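No experiment lies behind these values; they were computed from the predicted model shown.
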Amino acid sequence: MFIRLFISVGLLITTLCQAQKLSISPANWWVQMKTDKLVLVVENAPIGISDISINNSEIELIKHYPAANPAFHFIEIEIPYDIKAHTANIVFKTDFAASVSYPFRIYKRNERNPAQSLSSSDAIYQLIPDRFCNGNKKNDNIMSYFEKKDRLNPTGIHGGDINGILSKLDYIKDLGCTTLEILPVTESNLMMNSYKRLASTNFYKVDERLGNIGLYKQLIDSCQSLGLKFIQSFVLHQIGNKHPYFQQMIDTDFFHGTTYDFNSPLPDFSVLTDPYSPESVKKANRQSWNKPNFPTLNQENKLVRQLLIQQVIWWIETTGLRNLKIEQAARNTPQLIKELYSSLNLEYDDLTLVVDNQSPTNQGIYWENLTLDLPTFIVNYNYPSILSNAFSPYEDATKGTAALHKMQLQFAPSDLLLNINLLDNHLLNRAYTNADSDQAQLVMMLGHLLCSPGLPSIYYGTEWQMKGFKSKGISNLAKDFPGGWMNDNTNAFTGKGMSESQKRFYLQMTKLLNWRKENPDLFTGEFIHLLPQSDIYAFVRKSSEQTILVIINNSANTTYHFQEDDFSDIINNYNRCTDLITDDIYLKFKDIIVRNKSIAILTLQK
C-alpha cells in the first residue's frame, strides 16, 4: 500500500511539474478566419493523457494523439467562422492526477490598415537588427540565452535591437528609402551563429535580445505612420538544433536526418531553380543541411507543412504584416509554396510576397507556376555581379555595357518590374567593395540601379561606403553600423567622424533616392533601351508626365559628346534638360557631355 501510494504521489508531482511548464502553440486564433482547422502542438504534455476536452466553447475537437515523443501531443480542432471572441479551456484528463486546464484564446480580428503593397517605384533598405543600433542595453545579456553580447566576436551577438531600429526610422525615411526590410526576428537561441536569426528555436516568439511582440508591432505601426512599407523575412525550410522539436525530437519524420553529414554537399541554389534539372536532384538539394546546427525540415510531411503555414498566418494576423519575404525560398518544396500561397490568398487580399533564392538563373521560369495567387517579387541575384563587372576598370568597357543591355533581354517587360535588383545584401560583397573602393564607380552602379526597371534594394551602411568581402566570411558583410552603439568613435547617423568622401556619397545617394521617391510614376512606367555603341549605353524611363534619359559612358579615357541624331525619337518635343548627377542645366542637347566612367541622368523638359 505504501509503495503504491509513493508511486502515485511521485506521478502526481511529476504531472504537476509538467503542467506548470505545459504550453500550446499557437496559443490563440481569431474569429472569422477561413483557416478554421488547426493543429495545436502541446509541449511538455501531462503524463498519461486519457482524454482531452474543450470546455464552454463551440470549438470542435476533431481528434488528439501523442507525437512519437509523448512529451508532445497534437490536438486537431475546428473553429467555426462565426464564433464569438472568448477564452476556451483545454482540459487534459490523465490516469495519474487531477485534470489540467490550459487557456486557448479566440480574439476579435484587428482592422487592417490601408494596404501598402510593394511596387517597382519603391526602394528597399535591408538591415540585420543585431547590427544596426543598440537601443536597449538591458536586453544584451539575458541569462536564458546561450549567446550574450560580444562585439569582438564577428559571428556573435552585438546587441542591436528593435528599440534601436525604432529610434532611427527617421534616418531611413530621410535617406529616401520607402521600404524597410529586416531579417527574421523569431527567437534563435543557439550556441553560435544566431545573430541573423535564420534558424528559429520558437516559431511564436520574438527573440528577447531584440525585444518583444509589443515592440515589434510598434515598429510596424511606426513604419506605417511614417509612410514606410515594411518587409519581414521568414525562414521555413529549417530550424535551429535547440528548437524543442529537434532538441527533444518530436518525431524523426519532421526532419531530413537527425545529424549533420559533413560529407554531403551544401545546397546548390542554381540547381533548385533550374527548370530543366531532374526532380530527384532538387529533392536531394532540399534535404541537405546548410549548417551543422540548422536541421532541415521534412516538408513532405503534411503535418510539418500545416504547422509552418499556421505560424505564418499567426504572425500576419498578430502584427498586421503586409509584405513577407521567404528566405532561400526554393529550399522549400513546391507543395509547401503552393499550399502557403493558397492559404494566404484565402485569408488576405492585401499581401505581397518576395521570394529570395541565391541563384543567378532566371528564376521567373521556376516561380511562375507556384506563385499565381498573390503578387510576387523575385530577388535578382544575377544583377549585382553584372553591375559590378560592368563598370570595373579590370573589365572590357564594351563588354560591360553589352552585359547591361543583354541582362534586360532575359525578362518579359512585365517581369522586369517584379525584379528586386540588389546593389548588395547580407549574402553578397558590399557594393563599395564591388566598386573597387572607387566612389565614381559606385555612383555609376547606384545610378543604374535606381533608374533600371525593378525594385532597388540597398544594404544598410552602403550609403556610407561600408566595405565587406564575402570570401572573408559572411560576418564580414555584417559589421556594426557606425554610431549604433554608445561611445562609437564615428556616427553615421549624424556624420560625426565620417570622411569627406563618405559624406559626398551619402549626399549623392540621399539626393537620388529622394528624387526617385518624389517621382513614383516614372518607375512603374515605360522602359526603352538603345543598342550600346562602343562603350556608351543609354536607356529611357517614361511616365505620362515625365521622361528621363540615362547615358552611361563606360570609357576609361574618352568624354562623350551628345549626338542628337542618335536620340531624335526621344528628345523630340523637348527643349532642355538637367543632369541629376552634376546639376548641370543644358539649354541645348548638343551641349551635353558625359565624362569618362560616369553616368548622366537627364530629366527632359519642354
Side-chain angles (χ1 to χ4, degrees), residues 123-127 172 175-177 380-397 399-401 403-404 407 420-452 454-472 476-479 481-482 490 492 495 498-516 535-537 539 550-557 560 579-583 594-602:
I124 296 171
Y125 189 81
Q126 186 201 59
L127 60 82
I172 297 170
L175 181 63
C177 290
N380 181 2
Y381 275 85
N382 203 26
Y383 181 79
S385 59
I386 292 175
L387 188 66
S388 62
N389 290 335
F391 304 125
S392 173
Y394 308 109
E395 181 71 41
D396 180 89
K399 288 183 179 178
T401 53
L404 292 174
M407 177 179 61
I420 292 182
N421 297 321
L422 303 172
L423 192 59
D424 45 10
N425 76 352
H426 66 102
L427 297 167
L428 302 169
N429 282 352
R430 286 277 185 175
Y432 191 46
T433 297
N434 277 342
D436 304 308
S437 301
D438 183 329
Q439 186 174 119
Q441 191 173 325
L442 185 58
V443 170
M444 293 176 75
M445 293 164 61
L446 177 68
H448 188 275
L449 172 84
L450 296 184
C451 296
S452 293
L455 203 168
S457 179
I458 298 163
Y459 193 35
Y460 78 99
T462 292
E463 68 272 28
W464 291 102
Q465 300 178 341
M466 286 178 67
K467 296 181 180 180
F469 284 96
K470 181 178 180 179
S471 60
K472 292 185 177 181
N476 193 253
L477 311 173
K479 297 172 183 174
F481 191 92
T490 56
M498 310 307 285
S499 70
E500 291 305 312
S501 172
Q502 289 173 312
K503 291 177 181 178
R504 281 195 305 272
F505 182 73
Y506 170 80
L507 292 174
Q508 184 73 272
M509 178 179 277
T510 302
K511 173 185 169 184
L512 291 177
L513 279 168
N514 278 282
W515 160 75
R516 196 180 196 280
D535 37 31
I536 304 298
Y537 175 50
F539 61 91
V550 180
I551 302 176
I552 298 169
N553 180 4
N554 206 22
S555 170
N557 305 303
Y560 172 74
D579 186 348
L580 287 170
I581 299 292
T582 63
D583 292 324
V594 184
R595 301 195 181 280
N596 57 300
K597 284 295 179 184
S598 68
I599 183 171
I601 303 175
L602 305 169

Asks: Which heavy atom of Trp464 sits nearest to which heavy atom of Gly495, and what is that distance?
Replies: CH2-CA, 4.1 Å
Asks: What I'd like to find out is whether the side chain of Ile599 reaches to under 4.5 Å of the side chain of Val550, using heavy atoms alone.
Replies: yes
Asks: Can you check whether Phe505's main-chain N or O pairs, donor with acceptor, with Gln465's side chain at less than 3.5 Å?
Replies: no
Asks: Tell me if a side-chain donor or acceptor on Tyr383 pairs with a main-chain N or O of Leu449 at a distance below 3.5 Å.
Replies: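 At least one qualifying donor-acceptor pair exists.
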Asks: Which atom names give the shortest non-hydrogen contact between Thr462 and Ala431, and what distance separates them?
Replies: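 Closest pair (atom of Thr462, atom of Ala431, distance): CG2-CB, 4.0 Å.
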Asks: Quick check for you: to the nearest 0.5 Å, what is the distance between Met509 atom CE and Leu446 atom CG?
Replies: 4.5 Å
Asks: Enter the distance from Ser501:OG to Leu442:CG here, rounded to the nearest 0.5 Å.
Replies: 9.0 Å
Asks: Would you check, one step at a time, whether the test side-chain contact (heavy atoms from CB on, under 4.5 Å) holds for Leu477 with Leu427?
Replies: CA-CA 7 Å; Leu477 311 173; Leu427 297 167; 5.5 Å; no
Asks: Donor-acceptor pair, distance only, cut-off 3.5 Å: does the side chain of Asn476 make one with the backbone of Lys470?
Replies: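 Here the side-chain-to-backbone pair does not exist.
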Asks: Between Tyr460 and Gln126 (side chain of the first, backbone of the second, donor and acceptor by atom type, cut-off under 3.5 Å), is there such a pair?
Replies: no
Asks: Quick one, Ile601 and Leu512 - any side-chain contact, counting heavy atoms below 4.5 Å?
Replies: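 Touching, per the 4.5 Å side-chain cut-off.
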Asks: Applying side-chain contact (heavy atoms from CB on, under 4.5 Å), run through Tyr560 and Asp535 and close with a yes or a no.
Replies: CA-CA 10 Å; Tyr560 172 74; Asp535 37 31; over 6 Å; no
Asks: Is it true that, when you exclude Lys472 itself, more than 12 heavy atoms of the residues, nucleotides or ligands shown sit nearer than 6.0 Å to its NZ?
Replies: no
Asks: Which pair of heavy atoms, one from Ala397 and one from Asn554, lies closest together, and at what distance?
Replies: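 Heavy-atom minimum between the residues: O-ND2, 3.1 Å.
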Asks: With a 3.5 Å distance limit and no angle check, can you tell me whether Asn429 reaches the backbone of Phe469 through a side-chain donor-acceptor pair?
Replies: no
Asks: Determine, stepwise, if the pair Leu423 / Met445 fulfils side-chain contact (heavy atoms from CB on, under 4.5 Å).
Replies: CA-CA 8 Å; Leu423 192 59; Met445 293 164 61; 4.1 Å; yes
Asks: Going by heavy atoms in the side chains, are Val594 and Ile536 under 4.5 Å from each other?
Replies: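 In short, these two side chains do not touch, never coming nearer than 4.5 Å.
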Asks: Does Thr582 reach the side chain of Arg595, with side-chain heavy atoms less than 4.5 Å apart?
Replies: no
Asks: Can you tell me if Asp424 uses its side chain to pair, donor with acceptor, with the backbone of Arg430 under 3.5 Å?
Replies: no
Asks: How far apart are the closest heavy atoms of Asn596 and Ala556, and which atoms are they?
Replies: ND2-O, 2.8 Å
Asks: Distance check, rounded to the nearest 0.5 Å: Asn421 atom CG versus Leu387 atom CG?
Replies: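 The distance works out to 9.0 Å.
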Asks: Quick one: sort the Tyr459 and His426 rings into parallel, tilted or perpendicular, breaks at 30° and 60°.
Replies: tilted
Asks: Who are the side chain to side chain donor-acceptor pair (under 3.5 Å) partners of Glu395, not counting sequence neighbours?
Replies: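 None.
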Asks: Please check if the number of heavy atoms outside Lys399 that lie under 6.0 Å from its NZ is greater than 12.
Replies: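 At most 12 heavy atoms, drawn from other residues, nucleotides or ligands, come within 6.0 Å of this atom.
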Asks: Looking only at atom types and distance, does a side-chain atom of Asn553 sit under 3.5 Å from a main-chain N or O of Ser598, one as donor and one as acceptor?
Replies: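 Answer holds: no.
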Asks: Which distance, rounded to the nearest 0.5 Å, do you find between the CG of Asp438 and the OH of Tyr432?
Replies: 7.0 Å
Asks: State which residues pass side chain to side chain contact (heavy atoms under 4.5 Å, CB included) with Asp436; sequence neighbours excluded, sorted by chain then number.
Replies: Ser392, Pro393, Tyr394, Gln441
Asks: Walk me through it: do Ile458 and Leu175 pass the test side-chain contact (heavy atoms from CB on, under 4.5 Å)?
Replies: CA-CA 11 Å; Ile458 298 163; Leu175 181 63; over 6 Å; no
Asks: Would you please classify the geometry between the Phe391 ring and the His448 ring as parallel, tilted or perpendicular, with 30° and 60° separating the classes?
Replies: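 If you compare the ring of His448 with that of Phe391, the planes turn out perpendicular.
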Asks: OH/Tyr506 to CD/Gln502 distance, rounded to the nearest 0.5 angstrom?
Replies: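 Answer for the OH-CD pair, Tyr506 versus Gln502, is 12.5 Å.
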Asks: Taking everything shown except Lys479 itself, do over 12 heavy atoms lie less than 6.0 Å from its NZ?
Replies: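 More than 12 within 6.0 Å, yes.
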Asks: To the nearest 0.5 angstrom, please state how far the CG atom of Asn382 sits from the CG atom of Leu422.
Replies: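 So the gap between those two atoms works out to 11.0 Å.
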Asks: Which pair of heavy atoms, one from Ile581 and one from Lys511, lies closest together, and at what distance?
Replies: O-NZ, 3.8 Å
Asks: For Arg516 and Ala123, work out which heavy atoms get closest and say how close.
Replies: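 Looking at all heavy atoms of both residues, the closest pair is NH1-N, 4.5 Å.
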